[in-house]
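Since the structure comes first, as C-alpha cells, the remarks are kept for the end.
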Amino acid sequence: MAAPTVTCTCGACSRSRATIQQIFHILDTYGWLLDSYVVDFFQEQLWEKLPSNWKIVLRTVSPEEFGVWLAGDISRTRVWPLSLLALRRITKDLQLKRDHRDNGSIVKCEKTNNKFEFNSNLIPENKDTTLCDKQVVLKKHNLFLKHVKIKKRHEIQQIAEICADCAKESNAKCIVDVGAGMGHLARTLAFKYNLRVICIEQDSSLSKQARKWDKELFLSLSKHLPDLSLNFPQHVSVRIENTDSNQTEIIKNIQEIFSDNFNLDEKSSGFGIVGLHPCGDLAATLLKLYASRDEAKFICIVGCCYMKLTLEHSINVLNGHPLSEYLSSSSGNRKMSYTALEVACHAIEIYCDKLKTGNYEDLIVHAYRAALETILTKRSEKLRRNQVKNVKVTNSMTFEQYCTAATADFEPHFRPTRSDCQDPQIQSYLNQWQQIVIFGALRTMLAPLVETVVLLDRFLYLSENNLSPILKPIFDARLSPRNFLLFSVKRNE
C-alpha cells in the first residue's frame with residue numbers, strides 16, 4: 001500500500017508550487033510558441049502570430065543583437081517592446097538557476113534532518129594504504145580518461161563524488177547504476193570509491209563492452225599495484241518496467257547479485273540508485289522505485305529526453321509526468337506538448353553563444369526544412385511532418401542539395417525537383433531564414449520554464465513521500481545541457 005502523500009510547507013516546497021503555477025500562467029499566453037512545429041513556419045505563418053509590436057522590432061534585429069539581448073545585456077540602445085522585456089525578465093526569474101558554480105541555485109526541502117555537504121574524499125573513511133596508493137596511481141596516470149569523451153568525463157567527475165557522499169550518508173555500500181551504458185560511471189564508483197556496483201543496461205552489446213573495459217582498467221591498475229583487490233562492477237542486461245511486479249523481481253535479482261558476487265546478506269545490501277541521463281519514463285520509474293522500496297537508500301538522477309515522457313495513464317502504462325500529487329490534482333488541462341518538452345532538452349546558453357558570435361549559419365537548416373515541408377505537403381498531405389534524413393548544412397550546401405540528401409529514402413515521385421527548389425515562392429521563404437532563427441530563439445527563451453516544471457514536479461513527488469529532495473545544477477550547461485541532479489537520502493532512523 002502506498003504511503004499517504006505529505007504536503008510540505010517549507011519555503012522550498014511552497015516556492016516550488018507557486019513557481020509552477022506562475023509558469024503555467026505565462027504559458028497560457030505564450031505557450032503556443034513552444035507548441036509550434038518550426039517545420040510549419042511557412043505553412044502556418046507562425047511569424048504572423050507574433051504580437052504586432054514584436055514583429056516591427058524583430059524584423060530589424062540581427063541574430064547577433066538578439067543573442068546579446070537574450071543573454072541579458074540591457075545596454076542596447078534599441079527600444080524593445082515592453083511585453084517582450086517583461087517576458088524575458090519573468091522567464092529568468094521563474095526558471096531554475098542553471099549555473100553549476102552558484103551554491104545559491106540549490107533547491108533543498110527544508111524538512112530534511114540530513115546535514116548534507118557537497119564534498120567527498122576519495123574512498124570515504126577507508127584507511128587501507130593499498131587503496132590510498134590506488135588513489136595516487138589513478139591521479140598520476142589518468143587511467144579513467146581512456147575511452148571517455150570530454151562531456152562524459154565532466155559528468156562522471158561531478159556525479160560520482162556526490163554518489164559517494166550519498167552512500168556514506170545512507171551507510172549504503174552498494175550502487176545500482178541504471179542505464180549504465182559502457183560502464184564509465186560504474187568503474188569510477190567501483191574502482192575509485194570502492195563501492196559495490198550493479199550495472200543495469202538494456203543493450204547487451206554495451207554491457208559486453210563494459211566488461212571488456214572493466215578488465216582493461218583492472219590490468220592497468222595491477223601493473224602499478226600488483227596486490228590490489230577490487231570489486232568488479234556486475235553487468236545485467238534487463239529492462240526495468242514501470243510495474244510493481246517488475247520492481248519486485250528486479251529487487252530480488254539485485255539482492256541475489258549482491259549476495260553471490262559481493263558476499264552480502266539482505267540486511268547489508270541496501271543500495272543507492274544512480275541514473276545519469278535515464279531516458280524519458282525511466283527517470284520517473286526510478287523515482288517510484290526509490291519511493292516505494294525500503295531497500296533503496298538514496299537516489300541520484302539526472303534526467304533527459306523529456307519529450308519521451310508518457311503524459312497520461314493508459315491500461316498498461318503509468319504516466320511519467322506529472323508525478324507529484326500536487327501537479328496531478330491541480331494541473332487540469334495543463335499538459336505539456338511533445339514539442340515543448342523537446343525544446344526543453346536544449347541549452348539556451350549554447351543557442352545564445354551561437355547568435356552572439358555570429359556562428360549560426362548551421363541554423364539555416366531550419367529554414368531549409370520548413371521550405372521543404374511546403375514542397376512535400378503540396379505533393380501529398382501524407383508527407384506532412386514526415387521524417388526526413390538529418391543533414392548537416394554547411395555554407396556551401398544549396399537548398400537543392402539539402403532536399404536531395406534529406407529525401408533520399410523517399411519514393412522518387414515524392415522527391416523535390418529542381419524546379420520545385422527554384423520556385424520564386426520557395427526562394428522567398430529561404431530569404432526569411434533569419435526570422436526562423438529569431439523565432440527559434442524565442443522558443444529557446446521559454447524552454448527552461450518547461451524543464452523547471454518537470455524537475456519541480458519530481459522534487460515535489462519526493463517531498464510528498466517524505467524523502468527530503470535536493471535539486472542542484474552540477475554540470476556546466478554548455479558541456480551537458482541537462483545539468484540538474486535530483487537526489488535524496490533516506491534518513492537513518
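For reference, positions follow the sequence shown, starting with 1.
When all heavy atoms are compared, the tightest approach of P473 to R98 is CB-O, 3.8 Å. Here the closest heavy-atom approach between residue V302 and residue P278 is recorded as O-CD, 3.0 Å. For the pair I156 and L185, the tightest heavy-atom approach, listed with the atom from each and the gap, is CD1-N, 3.6 Å. S62 approaches I438 most closely through the heavy-atom pair O-CD1, 4.3 Å. Between I299 and L287, the shortest heavy-atom distance links the atoms CD1-CD2, 3.8 Å. Considering all non-hydrogen atoms of both residues, K92 and G72 come closest at CE-CA, 4.2 Å.
Atoms CG and CD1, on L446 and I26 in that order, are 8.5 Å from each other to the nearest 0.5 Å. Annotation: the span from Y368 atom OH to I436 atom CD1 amounts to 11.5 Å, rounded to 0.5 Å. Rounded to the nearest 0.5 Å, atoms OG (S488) and CG (L471) are 12.0 Å apart. Put simply, CD1 on I348 and CE on M445 are 8.0 Å apart, with the number rounded to the nearest 0.5 Å. Rounding to the nearest 0.5 Å gives a distance of 7.0 Å between CZ of R59 and CH2 of W47. Remark: H413 NE2 to R379 CZ distance equals 9.5 Å, nearest 0.5 Å.
Between W32 and F439, the ring-plane angle classifies as tilted under the 30° and 60° cut-offs. The aromatic rings of H100 and H154 stand perpendicular to each other, their planes meeting at an angle above 60°, with 30° marking the opposite boundary.
R17 and T7 form no side-chain donor-acceptor contact under 3.5 Å, judged by distance and modelled atom types alone. Looking only at atom types and distance, the side chain of T417 has a donor-acceptor partner in the side chain of D420 under 3.5 Å away. Side-chain polar atoms of S105 and D99 form no donor-acceptor pair below 3.5 angstrom. No side-chain donor from either of T374 and Y429 sits under 3.5 Å from a side-chain acceptor of the other. Looking at Y306 and E451, their side chains do bring a donor and an acceptor atom within 3.5 Å of each other. Checking Q43 against T377 by side-chain atom types alone, a donor-acceptor pair falls below 3.5 Å.
Applying the 6.0 Å contact sphere to CG of N431 captures more than 12 heavy atoms from other residues, nucleotides or ligands. When the shell of 6.0 Å around NZ of K208 is examined, it contains 12 or fewer heavy atoms from other residues, nucleotides or ligands.
Remark: R78 fails to qualify as a cation-pi partner of W69 under the 6.0 Å distance and 45° angle criteria applied to the six-membered ring.
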Let me see the working for Q21 and Y326 under side chain to side chain donor-acceptor pair (under 3.5 Å), right down to the final yes or no.
CA-CA 11 Å; Q21 288 305 313; Y326 170 74; 3.1 Å; yes

The test is side chain to side chain contact (heavy atoms under 4.5 Å, CB included); show your working for L355 and L363 and say whether it passes.
CA-CA 10 Å; L355 299 187; L363 297 178; 4.2 Å; yes

Could you walk me through whether V391 and V365 pass side chain to side chain contact (heavy atoms under 4.5 Å, CB included), step by step?
CA-CA 8 Å; V391 179; V365 69; 5.7 Å; no

For H321 and L327, run side chain to side chain contact (heavy atoms under 4.5 Å, CB included): C-alpha distance rounded to whole Å, both residues' side-chain angles, the deciding distance at 0.1 Å, then the answer.
CA-CA 9 Å; H321 175 83; L327 197 51; 3.8 Å; yes

Kindly determine whether R88 and W80 satisfy side chain to side chain contact (heavy atoms under 4.5 Å, CB included), including the steps that lead there.
CA-CA 11 Å; R88 184 190 65 171; W80 295 88; over 6 Å; no

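Sorted by first and then second residue, the pairs that involve residues 393-404 and meet side chain to side chain donor-acceptor pair (under 3.5 Å), not counting sequence neighbours, are T394-S396, T398-Q401, E400-R418.
With salt bridges taken as basic N to acidic carboxylate O contacts below 4.0 Å, one links D40 and R385. Using a cutoff of 4.0 Å between basic side-chain nitrogens and carboxylate oxygens, D102 and K97 are not scored as salt-bridged. Of the charged side-chain nitrogens involved, at least one lies within less than 4.0 Å of a carboxylate oxygen, so that D214 and R187 count as a salt-bridged pair.
With sequence neighbours excluded, the residues satisfying salt bridge (Lys or Arg N to Asp or Glu O under 4.0 Å) with K151 are E155. K55 is linked by a salt bridge (Lys or Arg N to Asp or Glu O under 4.0 Å) to E48, counting only residues two or more places apart in sequence or in another chain.
Under a 3.5 Å cut-off, the side chain of D281 and the backbone N or O of T310 do form a donor-acceptor pair. Side-chain atoms of R369 never come within 3.5 Å of backbone atoms of V38 as a donor-acceptor pair (strictly under, hydrogens ignored). A donor-acceptor pair is defined here as one N or O able to donate and one able to accept, closer than 3.5 Å; such a pair exists between the side chain of T60 and the backbone of V57. In this structure, the side chain of D177 does not engage the main chain of C199 through any donor-acceptor pair within 3.5 Å. The closest donor-acceptor contact from the side chain of S16 to the backbone of A12 lies under 3.5 Å. Although no hydrogens or angles enter the test, the distance criterion places a donor-acceptor pair under 3.5 Å between the side chain of S328 and the main chain of S324. Under the 3.5 Å distance criterion, the side-chain polar atoms of Q95 are matched with a main-chain donor or acceptor of T91. In terms of modelled atom types and a separation under 3.5 Å, the side chain of Q234 and the main chain of I257 share no donor-acceptor contact.
Within the 4.5 Å cutoff, side-chain heavy atoms of L460 are placed close to those of C13. Taking the side chain as every heavy atom from C-beta outward, E201 and Q209 never approach each other to under 4.5 Å. Under the 4.5 Å side-chain criterion, counting only non-hydrogen atoms from C-beta, K288 is in contact with Y461. Considering only heavy atoms from C-beta on, C109 comes within 4.5 Å of C8 through its side chain. In this structure, the side chains of L449 and L34 stay at 4.5 Å or more apart for every pair of heavy atoms. For the pair L442 and F66, the minimum side-chain heavy-atom distance is below 4.5 Å. In this structure the side chain of D362 never reaches within 4.5 angstrom of the side chain of V393, judged on heavy atoms. Using a 4.5 Å heavy-atom threshold, the side chains of I426 and C421 count as separate.
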